[in-house]
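Numbering of residues begins at 1 and proceeds along the displayed sequence. Quick note: numbers below take in every heavy atom, side chains included, and nothing from hydrogens, waters or symmetry partners. We count ligands from 1, going down the list as the structure has it; atoms in each ligand are counted the same way.
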Amino acid sequence: MNYYSLNKKAPNTTFKDAVIKGLAPDKGLYFPETITPLPASFFENIDNLSHNEIAFQALQQFVSPDIPKAVLKTIIEDTLSFDFPVVQFNDSISTLELFHGPTMAFKDVGGRFMARCLGYFNQDNTNEVTVLVATSGDTGGAVASGFLGVKGVNVVILYPSGKVSDIQEMQLTTLGQNIRALEVDGVFDDCQDMVKRAFLDETITSKIQLTSANSINVARWIPQLLYFIFAYKQLHKKHKDIVFSVPSGNFGNVCAGMMAQQLGLPVKHFIASNNQNNVVTEYLKTELYNPKPSVQTISNAMDVGNPSNFIRIQEIYKNNFDSLKDNLSSYSFTDQDTKVALKEIHDQYNYVADPHGAVGYLGSKAYLKDHPNAHCVFLETAHPTKFLDVVEDVIKEKQPLPPQIQAVMGGQKVATKINNYEGLKGFLLD
Ligand SMILES: *Cc1c(COP(=O)(O)O)cnc(C)c1O
């Protein structure tokens with residue numbers, strides 16, 4: 001598969017090159033040249049396919065020939081070594097739990113898949129790369145864990161000091177080896193700006209091959225389409241009109257769901273559930289796209305003012321507003337709404353959600369008002385204990401820490417403090 005840049009001013013390139021570069025030379029996001037639907041028999045026969053078989057068939061076209069079949073099989077086995085259960089609340093609502101991976105965030109799948117692809121490309125040690133990533137919380141941990149010990153790959157993670165949860169901070173500062181953390185005196189947008197500047201800085205890029213590990217990277221983004229197929233497998237016998245409500249920040253996850261739909265997955269509709277960072281909710285109402293600085297919320301992994309992947313979504317629907325609206329609804333909710341939802345989910349369904357999942361639940365409820373026959377699946381994108389303060393405060397119940405979380409809490413935090421771009425540059429060139 002070759003990939004083109006959505007800015008259309010850079011040459012098309014291979015999967016390998018797209019993964020190593022992250023962003024195209026014209027700063028556009030890469031997009032696959034073709035998407036070939038899976039045969040109808042794939043979906044008819046899905047009950048007989050394992051997760052690994054589903055993944056192999058769904059991903060092969062996007063990575064071949066750069067990743068040979070046998071290698072892809074191994075990468076998939078390593079990546080998907082945990083479960084993706086659907087928990088049904090009632091006839092109208094289910095949740096798809098995406099938090100059973102090593103860092104208990106849905107980003108584990110993309111992080112692990114990308115790390116293993118880069119590891120394969122770098123096995124002869126000629127392509128040493130530095131993964132540079134800014135995190136508002138969950139990306140950092142998933143990337144750190146996914147890339148830990150991968151040869152020839154150095155990872156540098158920037159996070160805003162005091163703005164990530166204690167558990168998230170431990171997940172990205174305690175691993176050591178090829179993972180280094182930079183604690184930035186600022187907010188997430190400052191971290192993001194510094195990363196963007198570094199990618200444009202020739203004094204750095206002439207010496208170091210930098211790549212990104214957020215969802216702009218095709219190897220982080222594309223494997224996320226599997227979640228939607230796994231959910232379909234668990235639900236299709238009971239429910240026809242399956243709608244996914246995706247708590248969205250950079251819109252990588254919901255856009256991956258749309259890729260699954262392009263592969264032929266019978267999805268009725270998508271809901272992008274947002275917190276107060278609501279550029280897309282507003283766009284669908286007004287057809288005006290107005291990026292804004294992000295505002296801080298209790299679902300902080302979705303505090304994004306200008307979602308990078310929205311341009312990919314527009315590409316999928318050929319920049320046709322009506323066709324986009326046929327496939328996507330969006331709602332936005334306040335922190336107060338989110339807390340009420342956390343409590344409601346706990347009291348009515350005896351289920352503990354995290355704030356991001358709670359926003360997804362609210363999106364499902366809003367959609368069901370006008371579409372009572374749909375079955376809405378909201379994605380639970382993080383384990384509730386990653387947002388312990390908010391969750392315990394709302395449901396007034398102590399939460400036991402899962403083993404993955406307990407394991408990092410005993411670690412030793414190692415982070416380098418930086419105040420500005422010069423600090424980052426000095427660190428990288430040192
Ligand atoms: C990253 C993240 C999101 C948002 O996902 P996008 O692909 O950026 O839209 C939602 N919830 C959690 C917990 C996350 O970590």
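- For atom 5 (O) of ligand 1, the closest non-hydrogen atom on the protein side is Phe106 CZ, 3.5 Å.
- Screening Asp166, Asp354, Asp138 for a salt bridge (Lys or Arg N to Asp or Glu O under 4.0 Å) involving Lys386 leaves a single residue, Asp138.
- Annotation: atom 12 (C) of ligand 1 to nearest protein heavy atom, Thr381 OG1, 3.3 Å.
- Note on Lys365 versus Glu344: salt bridge recorded, some NZ/NE/NH1/NH2 to OD/OE distance being below 4.0 Å.
- Protein heavy atom closest to atom 8 (O) of ligand 1, with residue, atom name and distance, is Asn250 N, 2.8 Å.
- Residue contact check: Asp138 has heavy atoms under 4.0 Å from atoms 13 (C), 15 (O) of ligand 1.
- The six-membered or imidazole ring of Phe244 lies away from that of Tyr227, with a centre-to-centre distance of 6.0 Å or more.
- Side chain to side chain, Tyr4 and Glu315 meet the donor-acceptor criterion of an N or O pair below 3.5 Å.
- The shortest separation from a heavy atom of Pro247 to ligand 1 is under 4.0 Å, placing the residue in contact.
- Between the side chain of Gln276 and the backbone N or O of Gln296, no donor-acceptor pair lies under 3.5 Å.
- The shortest contact between atom 15 (O) of ligand 1 and any protein heavy atom is with Lys107 NZ, 2.5 Å.
- A salt bridge is defined here as a Lys NZ or Arg NE, NH1 or NH2 lying under 4.0 Å from an Asp or Glu carboxylate O, and Lys413 with Glu183 meets this definition.
- The protein heavy-atom contact nearest to atom 4 (C) of ligand 1 is Gly249 N, 3.6 Å.
- At distances below 3.5 Å, at least one donor-acceptor pair connects side-chain atoms of Lys233 with backbone N or O atoms of Leu49.
- For atom 7 (O) of ligand 1, the nearest protein heavy atom (residue, atom name, distance) is Asn253 N, 2.9 Å.
- If you number the atoms of ligand 1 from 1 as listed, the ones under 4.0 Å from a heavy atom of Ala382 come out as 13 (C).
- Considering backbone and side-chain N/O atoms, Gly252 comes within less than 3.5 Å of an N/O atom of ligand 1.
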